[in-house]
Amino acid sequence: MRIATWNVNSVGARLPKLLDWLGTAEPDVVCLQEIKCAEDDFPYDEVGELGYEVAAHGTGRWNGVAVLSRVGVTEVRRGLLDQPGFLAEGSLFEAPEPRAIAATCGGVRVWSVYVPNGREVGHAHYEYKLRWLDALRATAVEELAGDRPWAVLGDFNIAPEDRDVWDIAAFDGSTHVTAEERKALTALKGAGLTEVYPRALKYDVPFTYWDYRALRFPHNQGMRIDLVYGNASLTGRVTDAYVDRNARKGKGTSDHAPVVVDLASS
DNA sequence: ATGACCTATTCCATAGGA
């Protein structure tokens with residue numbers, strides 16, 4: 001069984017690339033982030049023709065997550081346990097954002113998550129990011145009572161180690177590399193999870209994101225921020241994991257590459 | 001070269017991304 005995660009940066013703009021990739025990588029389950037469309041506007045028919053059922057959670061212009069599966073989709077859950085919203089400047093209410101969806105696919109429980117960016121250290125969005133990560137941890141604790149294979153995959157917007165960014169000096173004082181954010185990942189692992197570390201298809205560090213600007217991809221100036229965590233029932237079945245950087249090549253791509261994880265059949 | 005992009009929308013300007 002092959003599961004994957006990919007921040008597609010708009011499923012509408014990325015549809016041709018997504019369909020191509022589904023056809024060649026042939027994943028059984030795909031967690032998507034930043035679909036940037038309302039639930040009703042997801043291209044269900046197009047991915048359906050390739051055999052995928054879809055559970056989507058999206059409201060439009062920003063965020064949005066989905067799970068695609070050709071091995072069934074049951075027990076769909078939208079949002080985290082006590083998920084915080086973001087109080088935008090000038091807004092009176094915290095808006096709940098579509099950043100997490102779960103489904104059970106072929107006996108494996110998967111969460112597709114798009115962790116808030118944080119914008120700047122000390123910004124309200126940064127505090128929101130940390131609160132959101134704590135809600136993710138609490139959700140994991142709640143769901144990990146049993147021993148069914150369980151994984152959370154997605155764009156965490158955190159580089160776990162200094163080596164996971166192309167130049168740590170360039171990130172001095174910025175989000176994605178702070179001790180607080182990394183502590184949140186450690187706390188998440190404390191729920192009973194281990195990271196599935198992927199192979200790089202080229203170079204040493206398996207980066208998953210390269211900014212569109214400044215020729216970051218050709219220069220391999222990337223970040224490893226799309227991550228996979230699983231419980232022992234899942235990680236014990238991992239036979240391979242890699243970042244498909246080929247999906248980042250050429251025009252009309254996402255700025256993220258997919259992370260692919262292969263599991264032995266149970 | 002301290003340069004360099006891309007998305008959807010209240011659509012040709014802006015917010016957000018990381």
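Lettering follows sequence order; numbering is per chain, from 1. Every value quoted in this text rests on a predicted model; they were computed, and no experiment measured them.
- Legend: salt bridge (Lys or Arg N to Asp or Glu O under 4.0 Å) pairs involving residues 228-256 of chain A, not counting sequence neighbours, sorted by first then second residue: A:R199-A:D240.
- Using the six-membered ring where Trp is involved, A:F207 and A:W210 have ring planes that are perpendicular, over 60° apart on the 30 and 60° scheme.
- Whole-Å rounding puts the A:W210 CH2 to B:dC6 C1' distance at 17 Å.
- The distance from atom CD1 of A:I225 to atom P of B:dA18 is 6 Å, rounded to the nearest whole Å.
- Each of B:dA4, B:dT7, B:dA18 was ranked by its minimum atom distance to the side chain of A:S10; first place goes to B:dT7.
- Across the protein-nucleic acid pair, A:K17 atom NZ and B:dC6 atom C1' stand 14 Å apart, rounded to whole Å.
- Across B:dA4, B:dA18, B:dG17, the shortest atom-to-atom separation from the side chain of A:H125 is found for B:dG17.
- A:V67 and A:L153 end up in the same hydrophobic cluster when Ile, Leu, Val, Met, Phe, Trp and Tyr side chains are linked at under 4.5 Å.
- Taking 4.0 angstrom as the limit, A:R61 places none of its side-chain polar atoms (N or O) nearer than this to OP1 or OP2 of B:dT7.
- We find that CZ of A:R14 is positioned 8 Å from C1' of B:dC6, with the value rounded to whole Å.
- Taking atom OH of A:Y212 as the reference point, atom P of B:dG16 lies 18 Å away to the nearest angstrom.
- Considering only side-chain N and O atoms, A:H256 lies nowhere under 4.0 angstrom from the phosphate OP1 or OP2 of B:dG17.
- Atom name C1', nucleotides B:dT14 and B:dT10: the rounded distance is 10 Å, in whole Å.
- Regarding A:E34, its CD atom lies at a distance of 14 Å from the P atom of B:dT9, rounded to whole Å.
- Between the C1' atom of B:dT7 and the CG atom of A:N117 lies a distance of 15 Å, rounded to the nearest Å.
- For A:R137, the side-chain hydrogen bond (donor to acceptor under 3.5 Å, both in side chains) partners at least two apart in sequence or on another chain are A:D134.
- For the C1' atom pair drawn from B:dA18 and B:dC6, the interatomic distance equals 13 Å after rounding to whole Å.
- In this structure, A:Q33 atom CD and B:dA18 atom P are separated by 10 Å, rounded to whole Å.
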